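Here the structure is a predicted model, which is why all the values come from computation and not from measurement. Hydrogens, waters and symmetry mates are skipped; everything else that's a heavy atom, side chains included, is used.
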Amino acid sequence: MTEPARRLATYADVLAAPEHMVAELLGGELHVQPRPAMPHAVAASALGEELGPPFKRGKGGPGGWIILDEPELHLGPDVLVPDLAGWRLTTLDHVGEVTYVEVRPDWVCEVLSPGTEKTDRMRKLPIYARQQVSHAWLINPMLRTLEVLRLTEGNWTLVGTHQDDQEVRAEPFDAIVLSLGILWERVRP
């Protein structure tokens, strides 16, 4: 006896998810998870604060980017919500009065937690690769690590792994030195 065909989730399922949850469509499946815990939020917020002035505004850096916190991305049939995403102005020079972006970002950052790491690595990274997102960062605030990935011929290449309070130049934002300690300075295990 064959199993009945599985119904593919749709954007209507995303819209019907409880407001206090993050809803994504990954490979036709609805993934719903609670908002991030505080170490996750601290790391993502601190990273956005560090990248904003030099890359969004050109203060102490080259400018030329749009960087957004938790944007809803519609990439082909998938709906993803990375913790941060960035577009070079040559890729996306403005955002309209919409609730989501359909242009693939040049960079995404996923802040890992025990409840999201498997999905971020196994489900979302392949979608980002298929959509030709050039760079991805994976941050683990509890382990205090940053993994820097570059898309090379359709596959992710690990460019570097950094930890603790290192000061790093991490592509595509290697025009500045990023002090990793800022990402977890207010987080206690």
Open item on the list: Count I, L, V, M, F, W, Y as connected when their side-chain heavy atoms are under 4.5 Å apart, and connections chain through other members. Are L151 and L125 then in the same cluster?
Closed with: yes
- [ ] Say whether, by atom type as modelled, one donor and one acceptor occur between the side chain of E117 and the main chain of L112 under 3.5 angstrom.
- [x] no
Open item on the list: Once side-chain hydrogen bond (donor to acceptor under 3.5 Å, both in side chains) is applied, do any residues pair with E19, and if so which ones, sequence neighbours excluded?
Closed with: none
Task: Minimal non-hydrogen separation, P105 against V108, with atom names - done: CG-CG1, 3.6 Å
Task: Shortest non-hydrogen separation from H40 to S113 and the atoms involved - done: ND1-CB, 4.2 Å
TODO: Go through L158 and L149 one step at a time and tell me if the side-chain contact (heavy atoms from CB on, under 4.5 Å) criterion holds.
DONE: CA-CA 5 Å; L158 180 63; L149 306 169; 3.7 Å; yes
- [ ] Report yes if some heavy atom in the side chain of L26 is under 4.5 Å from a heavy atom in the side chain of E29; otherwise report no.
- [x] no
Open item on the list: Using a 3.5 Å distance criterion without hydrogens, assess whether the side chain of W184 forms a donor-acceptor pair with backbone atoms of V42.
Closed with: no
- [ ] Return yes if some donor-acceptor pair links the side-chain N/O of D120 with the main-chain N/O of E110 below 3.5 Å, else return no.
- [x] no
Open item on the list: How close do A17 and V32 get, counting heavy atoms only, and between which atoms?
Closed with: CB-CG2, 4.5 Å
Open item on the list: I'd like to know if the side chain of D13 reaches the main chain of L30, judged simply by a donor and an acceptor atom lying under 3.5 Å from each other, with no hydrogens or angles considered.
Closed with: no
Open item on the list: Quick check for you: to the nearest 0.5 Å, what is the distance between R144 atom CZ and L180 atom CG?
Closed with: 11.0 Å
Task: NZ-CG distance between K56 and L68, expressed to the nearest 0.5 angstrom - done: 6.5 Å
- [ ] Applying side-chain hydrogen bond (donor to acceptor under 3.5 Å, both in side chains), name anything that partners S45, two or more places apart in sequence or on another chain.
- [x] none
TODO: May I ask whether I139 and V148 are part of the same hydrophobic cluster, defined by side-chain heavy atoms of I, L, V, M, F, W, Y residues being less than 4.5 angstrom apart, directly or through others?
DONE: yes
Task: From L15 atom CG to T99 atom OG1, the distance as rounded to the nearest 0.5 Å - done: 7.5 Å
Open item on the list: Assigning hydrophobic clusters by single linkage (Ile, Leu, Val, Met, Phe, Trp, Tyr; side-chain heavy-atom cutoff under 4.5 Å), is V111 placed with L138?
Closed with: no
- [ ] Calculate, to the nearest 0.5 Å, the distance between atoms CG and CG belonging to L47 and D83 respectively.
- [x] 9.5 Å
TODO: Sequence neighbours left out, what passes side-chain hydrogen bond (donor to acceptor under 3.5 Å, both in side chains) with Y11? Give chain and number order.
DONE: E72
Open item on the list: Can you confirm if the aromatic rings of W107 and F55 lie within a centre distance of less than 6.0 Å?
Closed with: no
Task: Results of ring-ring contact (aromatic ring centres under 6.0 Å, His included) for Y128 - residues two or more places apart only - done: none
Task: Closest non-hydrogen atom pair, G27 against D78 - done: N-OD1, 2.8 Å
- [ ] Please check if the side chain of W87 supplies one atom and the backbone of V103 the other of a donor-acceptor pair under 3.5 Å.
- [x] yes
Task: R35, CZ: over 12 other non-hydrogen atoms inside 6.0 angstrom - done: yes
TODO: To the nearest 0.5 Å, tell me how far L89 CG sits from W65 CH2.
DONE: 9.5 Å
- [ ] Apply salt bridge (Lys or Arg N to Asp or Glu O under 4.0 Å) to E24 and R123, showing your working.
- [x] CA-CA 11 Å; E24 299 176 297; R123 303 296 302 269; over 6 Å; no
- [ ] Sort and list the pairs that fulfil side-chain hydrogen bond (donor to acceptor under 3.5 Å, both in side chains) and have at least one residue in residues 158-169, not counting sequence neighbours.
- [x] E167-S179
Task: Counterpart residues, side-chain hydrogen bond (donor to acceptor under 3.5 Å, both in side chains), relative to T157 (two or more places apart) - done: T152
Open item on the list: I need the minimum non-hydrogen distance between P71 and P82, along with the two atoms involved.
Closed with: O-CD, 3.4 Å
Task: Within one Ile-Leu-Val-Met-Phe-Trp-Tyr cluster: L73 and W156, side-chain cutoff 4.5 Å - done: yes
TODO: Could you state whether V101 and I127 fall into the same hydrophobic cluster, counting links through intermediate Ile, Leu, Val, Met, Phe, Trp or Tyr residues with side-chain heavy atoms under 4.5 angstrom apart?
DONE: yes
TODO: Kindly give the heavy-atom pair with the smallest separation between V14 and L25, and that separation in Å.
DONE: CG2-CG, 3.6 Å
Open item on the list: Just so I know, are the side chains of H31 and K124 near enough to count as touching, which here means a heavy-atom distance under 4.5 Å?
Closed with: no
Task: Pairwise distance CD(E49) to CD1(I182) - rounded to 0.5 angstrom - done: 9.5 Å
